[in-house]
Structure formats: C-alpha cells, structure tokens
Number of protein chains: 2
Amino acid sequence: MLSLDFLNNEYEDTKSPSKKAEEYIAIDILTGNLRPGQRIVEQDLCEKFSMSRTPVREILSRLAAGGLIELVPNRGAFVVGITERDVDDIFYMKTLLYPQCVKWAIERITEEEYSMLEETFSFMEFYTATEDMEKMQKINRGFEAIIYNACHNAEMEAALLKYDFIIRYANLDIKYPLNYLPTVLEEHRAIFDAFRARKPEQGAEAAQIHAFRSMMRRK
Amino acid sequence: MLSLDFLNNEYEDTKSPSKKAEEYIAIDILTGNLRPGQRIVEQDLCEKFSMSRTPVREILSRLAAGGLIELVPNRGAFVVGITERDVDDIFYMKTLLYPQCVKWAIERITEEEYSMLEETFSFMEFYTATEDMEKMQKINRGFEAIIYNACHNAEMEAALLKYDFIIRYANLDIKYPLNYLPTVLEEHRAIFDAFRARKPEQGAEAAQIHAFRSMMRRK
DNA sequence: TACACATAGATTGTATACAATTTTAACATT
DNA sequence: AATGTTAAAATTGTATACAATCTATGTGTA
C-alpha cells in the first residue's frame, strides 16, 4: 500500500467493519469513554456493532494483543486504563525512537517513497496558510506515516504509529498555541531538508528537536 | 502477577493451550520453519493443535496484531518474514529503549519488586558458576523481565519483551564466547548496583553498556 | 446480622453449520 | 501450446448451538 490515499476524505470508509469497530473501541478506551477496569461484555458489542460473537472475539483478541484490554480466562475483557504519566512516557519514547527512524528512512528511502514525501510536504506548505487544523493534522500524520514506512523496519513503524494513535486520542484536550501550524511546518521542513540533502544525522537531529518540542507543547 | 515462577521448570505448562499454540507458530516464523510469504491454512492449524477454527482464528488475529503474519481479507494468513537486518534493527532499538526503562524502573520500583530483583540477582550470581547455559538464560530473562515490569509503563514493557522474544528465536545460531556468562553477570551487576544505590542515571548508563555489548556479541 | 451454600441466570469457550469468496483444475477456443 | 472460460472444490467469513465456567441471588444456619 503506497499512495496518498490518506489525503482523501473517504479514506476511513475503505476499512472493514471489523477494523472500524476495533478502532472505535480503542478510541473509547483512550478518551476515557470506557473506564479502566470496566468489563466489556461480548454480547453488548455484538448489538452495538451488529455482528456475531465470532468477529467480536477476534476484535477483542487484537485489542488484548495491543494491550488496551486484558482478557481474563473465563471472566472476559477488562479495560486497561492509560494514565497521564503513560502519555508522558509515550511522548518520551517517541523522542528516543523517532530520530533513529528518520535516520534509517533517509538511508533507506526509495525513489517512489521520496516522491510521495516531497508531494506531501508541498501540500503541507500549501495548506498551512489555510489554518484548517483538522486537514493539517491529517496531512501531518500522512507525512510522518510515509517516514515511518520508509525506515523499512516493521517494528519501528508499528511502534511509532501506535504512539501517535495513543497521543492523538488520549491527548484530546490539549490547547494549541496560535502559531502551532507554522511552527510545526518549520520543524517538518527541517526534517524534509535532511531528506532532500540525504543527510541521516542531520535528519535525526531535526527529528529529535521536533519530537522534543511536541512533547513540550503538551505542557 | 508478581512472583519468581519463571524459575520453575513447569512454568510453561501454566500457559493456556491457545497461548502455547500462538507461541509455537510465532517461533516457527522467527526460526524460519515457516517461510516468508507462505500461506497458513486455518484447517491445518486446527488439526495440528487439535482445536476448532474459532480459537485458531483468534490466534491468527493476535499474531497479525503483532505483525508476524498478515491477514488478507478472504485470502487468509501469510507469514511476514524477518530479515537479518530486522534483527540488527531490533537490537539497536533495544539500546535506545532499555536505558530509559532502567532509569524509570529505578525511580519507580516498589519494595516488593526490588526484593524480587535482589533475590533473582543472587540466583544469577550463584548459578553463573554452573555454566548451565539454558538455566542461566532463563534467569537472565527473568531478571530483565522484572526490570521491564518495574518501569511501570506497559508500552515499554511490551516493546522490550517483544524484542527479546524476536532476538531469542531469530538469533538461534549465535556462538557465545567462552566467558559469556560471567561477562553478562558483571554487566547485570552494574545495573543492579544502580538499583541498590537508587541512581537512575547510573542505571541508564549501565543498561546502555549492556544493550550495546549484547548487540555487538551478535557479530 | 453475618456467613456459607445452593441454584438459576448470565457469560465465556469451543464446535459446528452455512454463506461468501477464492482457488483449482478441467475444458474449450484460438 | 497458450489463453480464456467455467464449474467444482477448498477456504475464509459469519452465525449459531452447546458446553464449561462464573456471577448473582436467595435461602438456611449460626
């Protein structure tokens, strides 16, 4: 899967009902809609998402593998909560991993991937002026997703995608400063410049700065 | 779950049949027994592990969530391979995360956890002389597992456990140097000393050294 | 009242049945 | 021989049925 589909508004619709339900539950957990320790009854999910227990149990298996719920034998699924400190920690883990991801990505990126990154960055430049926060967040996520993929390491990619997902939904009440979009654009420009110059160390440095500042903007 | 059960030889038997089958398949993938791209047919697993398709599909859901297989809609499960470079990368990711894990663990460890770590370390000292590689590896894993848990961050713990699992099974043909066990003991001692002295930075430093040398020992 | 126990109901674990889709293999056509 | 078509078989996706286990409620006893 290598495309700019994430820019499309109907992108979400391409996901399977099962995947959508899984994401829905995950978001409910991260936003606190489902409380830590709360029991999730399979039958309730069957009714909520209009499916039988078989796919529901597969969803619960995946969520448990991801750590958002705990599956206790013969007793069912229980919500595993996420604390503010957990989110802090995850921001910090991103500052550790993301620079190395960018370094590898600059070393390993294909021509095709680079073209996508270039095109996405030009979209970012163009739309930053619009101050459409939602659209820009989507493009920013797309920009980083291309980099995560371009590092060509599945563990790194999965880890960073997961951290972003947690940060995105467990961090909803954050107040962005007025100059947020142009600031992030400049941080991303520094990263993209390193890709353009093919300088891995420079990219790691720029990534470190971006991740660290993102963590700080939360405060 | 807070105990020294991992030292028990029958520890593996406490796992559910479903969990054992999942681990069995995961090991088959990491050791190369199942080849990258190879299709996994549900019915075959049903026969192999003597269970019906429902639990088999739950196992496949979990493995897919962990990235070891890919689930293609209507076409089934396909093995995702792991390359030598992937293993190199994962060693490197461990050098990034483990020092921070130790730092957090020293800051956050409970009295009970510390007692377990202390007891485990004394076992390590005692058994290193026996040159029983298998037993020592198990104790070493237990020592690190306690630290992973004591950092009190589920993402960090899950990440490091996963890396260790991959390293353990995708790295089977490694040749250990003669003084491997005493060398590792001393590296672990440096980490444990930092716990004893409650010095997070010193622990991070010792952890960094241990992770880096482990990576190098692979060469 | 406090507690132990028994029982009914609810819930999870597993097997099986059926529907939808894909794969295969045979056959016909060029 | 190579390609396209079609039907049968195999496989996956989903629903449902039954077994095993847990939970909740009510009853009896101290």
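In what follows, chains carry the letters A, B, and so on, assigned in the order in which the sequence lines appear, proteins first and then strands, with residues in each chain numbered from 1. As a basis for the values below, the full set of heavy atoms in this structure was taken, side chains included, without hydrogen atoms, waters or symmetry mates.
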May I ask you to test the [X]-[Y] pair for a side-chain heavy-atom distance under 4.5 Å?
{"X": "A:Met156", "Y": "B:Asp89", "result": "no"}
{"X": "A:Leu68", "Y": "A:Leu30", "result": "yes"}
{"X": "A:Leu161", "Y": "A:Phe165", "result": "no"}
{"X": "B:Ile191", "Y": "B:Tyr98", "result": "yes"}

Side-chain-base donor-acceptor pair under 3.5 Å for A:Arg53 and C:dG13
yes

Short side-chain N/O contact to D:dT14 OP1/OP2 from A:Ser52, under 4.0 Å
no

Nearest-Å distance for atom pair [atom1]/[atom2], residues [X] and [N]:
{"X": "A:Glu58", "N": "C:dG13", "atom1": "CD", "atom2": "P", "result": "14 Å"}
{"X": "A:Met51", "N": "D:dA15", "atom1": "CE", "atom2": "C1'", "result": "13 Å"}
{"X": "B:Ile59", "N": "C:dG13", "atom1": "CD1", "atom2": "C1'", "result": "13 Å"}
{"X": "B:Leu45", "N": "D:dT11", "atom1": "CG", "atom2": "P", "result": "12 Å"}
{"X": "A:Leu60", "N": "C:dT12", "atom1": "CG", "atom2": "C1'", "result": "11 Å"}
{"X": "A:Glu47", "N": "D:dT16", "atom1": "CD", "atom2": "P", "result": "13 Å"}
{"X": "A:Gln43", "N": "D:dT16", "atom1": "CD", "atom2": "P", "result": "10 Å"}
{"X": "B:Glu42", "N": "C:dT21", "atom1": "CD", "atom2": "P", "result": "16 Å"}

Comparing B:Ile40 and A:Phe78 on DNA chain D - which has the more 5′ nearest nucleotide:
B:Ile40

Which one, [options], comes nearest to the side chain of [X]?
{"X": "B:Arg39", "options": "C:dA15, D:dT12, C:dT11", "value": "D:dT12"}
{"X": "B:Asn74", "options": "C:dT21, D:dA15, C:dT23", "value": "C:dT21"}
{"X": "B:Thr54", "options": "C:dG13, D:dA15, D:dG13", "value": "D:dA15"}
{"X": "B:Arg75", "options": "D:dT23, C:dT23, C:dG13", "value": "C:dT23"}

Here's a test of your reading of the structure: between B:Ser50 and A:Ala77, which maps to the more 5' nucleotide of DNA chain C?
A:Ala77

Given the side-chain rings of B:Phe195 and B:Phe121, with only the six-membered ring counted for Trp, is the space between their centroids under 6.0 Å?
no

